Amino acid sequence: AQYIEYDSECPTSGFVNIAATGTATNTTDDSEIGVALPFPLLYQGTLINDITIGNNGGILLGTQTGAVGYTMTPTGLFPYVQDLNTPYGGVYYQTVGTAPNRKFIVMWSNLAHYFSTLGTDGVTFELIIEETTNEVYFVYDDVIHDNALYNYGLDAEIGATGAQTVQVSMNNATYLQNNSCVHFYYTDCPKPSALTYAYVSTTEASITWTGGLAGETNWTIIYGPTGF
């Protein structure tokens with residue numbers, strides 16, 4: 001079986017601004033639009049042809065009639081899900097490139113937090129699905145609102161849900177910065193998490209960790225000097 005993982009790698013294209021070239025969804029507060037993907041997405045073993053794009057910063061997979069709320073729900077991709085509004089921004093989608101190397105992009109441009117009333121500064125981010133690899137990128141151009149209570153994802157959930165759920169950030173400002181990314185990919189050997197060193201000496205070490213998505217219970221540890 002393959003397992004979904006993530007890192008902070010950005011796509012070679014960087015952030016692609018499609019506000020002037022993409023199709024406007026014309027979504028407003030708490031609304032959605034159904035869209036057929038231009039190519040099938042193999043996501044966690046399931047072939048996806050339809051999505052629901054939500055104004056609230058996420059998409060649902062396998063349906064054109066879903067509802068995107070303020071939290072991550074099955075099954076979907078959530079770059080920045082929270083209570084977002086479009087008084088001075090918009091949501092767009094576009095396919096770029098030629099088969100079999102196309103990319104499908106959904107961009108949330110300058111969206112405000114619903115309860116933000118201090119000015120006109122929203123967040124801008126996008127989701128990129130790659131046809132060739134079935135890999136997914138979240139790319140963040142601007143994660144600063146006009147209210148510090150919402151900056152850097154402080155009131156946003158970020159991750160991917162499905163048979164396996166990957167939580168990148170949960171109402172926390174630690175992960176996100178302007179020009180940062182999340183990259184989802186597949187692996188046969190999921191990495192453990194929460195790797196902690198209690199102590200390390202020249203002859204021994206004490207290390208603890210949490211097993212990966214495969215539920216593995218046995219590991220081989222290979223160690224040596226730096227660069228071995």
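Since we're looking at a predicted model, the values are computed, not measured.
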task = Tell me who clusters with Leu42, hydrophobic residues only, linked when side chains sit under 4.5 Å apart either directly or through other members.
result = Leu47
message = According to side-chain hydrogen bond (donor to acceptor under 3.5 Å, both in side chains), does anything in residues 31-50 pair up with another residue at least two apart or in another chain? List the pairs.
response = Asp50-Gln64
query = Which pairs count as disulfide bond (SG atoms under 2.5 Å apart) when at least one residue sits in residues 69-106, sequence neighbours excluded?
reply = none
query = Which residue pairs satisfy the ring pair (Phe, Tyr, Trp, His ring centres under 6.0 Å) criterion with at least one member in residues 168-190, sequence neighbours excluded?
reply = Tyr137-His183, Phe138-Phe184, His183-Tyr185
Non-neighbouring partners of Phe125 that pass ring pair (Phe, Tyr, Trp, His ring centres under 6.0 Å), sequence neighbours left out = Tyr80, Trp108
note = Residues at least two apart in sequence or cross-chain that pass side chain to side chain donor-acceptor pair (under 3.5 Å) with Thr174, listed by chain then number, are Asn172
message = For Val35 and Phe104: C-alpha separation, side-chain torsions, deciding distance, then whether side chain to side chain contact (heavy atoms under 4.5 Å, CB included) applies.
response = CA-CA 11 Å; Val35 175; Phe104 180 75; 4.3 Å; yes
message = Hydrophobic clustering (ILVMFWY, side-chain heavy atoms < 4.5 Å, transitive) - are Leu127 and Leu111 grouped together?
response = yes
Joint cluster assignment, Met107 & Val136, ILVMFWY side-chain distance < 4.5 Å = no
inquiry  = Any heavy-atom pair between the side chains of His113 and Gln82 that's under 4.5 Å?
reply    = yes
task = Measure from the side-chain N and O atoms of Glu131 to the backbone N and O of Arg102, and report whether any donor-acceptor pair falls under 3.5 Å.
result = yes
ask   = Would you find a donor on one side and an acceptor on the other, under 3.5 Å apart, between the side chain of Thr124 and the backbone of Asn110?
value = yes
ask   = Tell me, do Asp30 and Tyr70 make a side-chain contact under 4.5 Å, heavy atoms counted?
value = yes
request  = Mark yes or no for whether Asn178, through its side chain, and Val143, through its backbone, hold a donor-acceptor pair below 3.5 Å.
outcome  = yes
ask   = Apart from Val68 itself, what residues make up its hydrophobic cluster, given side-chain heavy atom links below 4.5 Å?
value = Leu60, Met72, Phe78, Val81, Met170
query = Quick one: does Ser180's side chain have a donor or acceptor within less than 3.5 Å of a partner on Ser8's backbone?
reply = no
ask   = Who pairs with Ala20 by side-chain contact (heavy atoms from CB on, under 4.5 Å), at least two apart in sequence or on another chain?
value = none
ask   = Is there a side-chain contact between Ile129 and Asn134 (heavy atoms, below 4.5 Å)?
value = no
remark   = Hits for side-chain contact (heavy atoms from CB on, under 4.5 Å) against Thr98, two or more places apart or cross-chain, chain-then-number order -> none
ask   = Are the side chain of Asn85 and the backbone of Ala112 linked by a donor-acceptor contact shorter than 3.5 Å?
value = no
note = Across all chains, not counting sequence neighbours, the side chain to side chain donor-acceptor pair (under 3.5 Å) partners of Thr196 are none
request  = Evaluate the side-chain proximity of Val106 to Glu126: yes if any heavy-atom separation is below 4.5 Å, no if none is.
outcome  = no
message = So does Ala19 get a backbone contact from the side chain of Ser109, meaning a donor-acceptor N/O pair under 3.5 Å?
response = no
query = Under the side-chain hydrogen bond (donor to acceptor under 3.5 Å, both in side chains) rule, what pairs show up with a residue in residues 19-29, not counting sequence neighbours?
reply = Thr21-Gln94, Thr25-Thr27, Thr27-Asn55
inquiry  = Quick one, Glu130 with Thr133, criterion side chain to side chain donor-acceptor pair (under 3.5 Å). Give me CA distance, side-chain angles, the key distance, then yes/no.
reply    = CA-CA 6 Å; Glu130 294 193 340; Thr133 63; 3.0 Å; yes
request  = Can you tell me which residue pairs pass the disulfide bond (SG atoms under 2.5 Å apart) test with a partner in residues 129-181, sequence neighbours excluded?
outcome  = Cys10-Cys181
